[in-house]
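Since the structure comes first, as structure tokens, the remarks are kept for the end.
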Amino acid sequence: QVQVVESGGGLVQPGESLRLSCAASDRFFSSHVMAWYRQTPGKQRELVARITPGGTANYADSVKGRFTISRDNAKNTVFLQMNSLTPEDTAVYYCVDGATYWGQGTQVTVSS
């Protein structure tokens with residue numbers, strides 16, 4: 001059973017940064033696309049960023065230029081560096097391994 005565990009969420013003020021981490025107990029991690037999604041109450045879940053095994057990244061328009069996804073295949077870990085955060089970024093952020101395995105989510109709250 002693959003486990004996906006996110007960490008790094010919290011409460012920050014607008015303009016600040018956070019770095020989310022996601023560790024997956026997946027022996028095929030290095031061959032899987034990894035992604036970050038987010039969801040707020042009453043809204044559809046949104047794909048924030050994804051990264052291929054080779055490191056090619058794609059982003060939602062709403063986060064381009066502010067967020068950076070990266071991965072460390074040696075450590076089965078994917079990261080989401082979030083800069084210039086705004087209240088609209090407030091959500092539960094989920095890490096997804098291979099479009100199959102979801103973590104429990106980590107709350108990010110941006111508020112003054």
Open item on the list: Keeping Asn76 on the side-chain end and Asp26 on the backbone end, is there a donor-acceptor pair under 3.5 Å?
Closed with: yes
Task: Heavy-atom side-chain contact between Phe79 and Asp72 under 4.5 Å - done: yes
Task: Close side-chain approach of Trp36 and Phe67, heavy atoms under 4.5 Å - done: no
Open item on the list: Would you say that Val110 contacts Pro14 through its side chain, given a criterion of any heavy-atom pair below 4.5 Å between the two side chains?
Closed with: yes
TODO: With rounding to the nearest 0.5 Å, note down the distance linking OG in Ser111 to CG in Leu85.
DONE: 12.0 Å
Open item on the list: Please find the pair of heavy atoms, one from Ala57 and one from Ile69, that lie closest to each other, and give the distance.
Closed with: CB-CG2, 3.6 Å
Open item on the list: Using the ring pair (Phe, Tyr, Trp, His ring centres under 6.0 Å) criterion, which residues pair with Tyr59? Sequence neighbours excluded.
Closed with: none
- [ ] Answer yes or no: is there a side-chain heavy-atom contact under 4.5 Å between Met82 and Val63?
- [x] no
Open item on the list: Give me each pair satisfying side chain to side chain donor-acceptor pair (under 3.5 Å) with a member in residues 13-23, each pair once, sequence neighbours excluded.
Closed with: Ser17-Asn83
Open item on the list: Are Val92 and Val5 connected into the same hydrophobic cluster when the rule is that any two of I, L, V, M, F, W, Y join if their side-chain heavy atoms are below 4.5 Å apart?
Closed with: no
Task: Where at least one partner belongs to residues 83-112, residue pairs that pass disulfide bond (SG atoms under 2.5 Å apart), sequence neighbours excluded - done: Cys22-Cys95
- [ ] Verify, without hydrogens or angle tests, whether Ser84 (side chain) and Arg66 (backbone) share a donor-acceptor contact under 3.5 angstrom.
- [x] no
Task: Distance, nearest 0.5 Å, that separates CG of Leu11 from CD of Gln107 - done: 9.5 Å
Task: Same cluster (ILVMFWY, side-chain, under 4.5 Å), Val108 and Val4 - done: no
Task: Arg71 side-chain N/O to Ile51 backbone N/O, donor-acceptor pair under 3.5 Å - done: yes
Task: Heavy-atom side-chain contact between Thr100 and Val2 under 4.5 Å - done: no
Open item on the list: Give me the atom names and distance for the closest heavy-atom approach of Ala49 to Leu80.
Closed with: CB-CD1, 4.2 Å
Task: N/O donor-acceptor pair under 3.5 Å between Glu6 side chain and Gln104 backbone - done: yes
Task: Shortest non-hydrogen contact from Asp97 toward Phe29 - done: OD2-CD1, 4.4 Å
Open item on the list: Count I, L, V, M, F, W, Y as connected when their side-chain heavy atoms are under 4.5 Å apart, and connections chain through other members. Are Tyr94 and Leu20 then in the same cluster?
Closed with: no
Task: Minimum-distance pair of heavy atoms, taken over all atoms of Ala91 and Arg38 - done: CB-CB, 3.8 Å
Task: Co-membership, hydrophobic cluster, residues Val12 and Val48, 4.5 Å side-chain - done: yes
Task: Pairwise distance OH(Tyr93) to CD(Glu46) - rounded to 0.5 angstrom - done: 8.0 Å
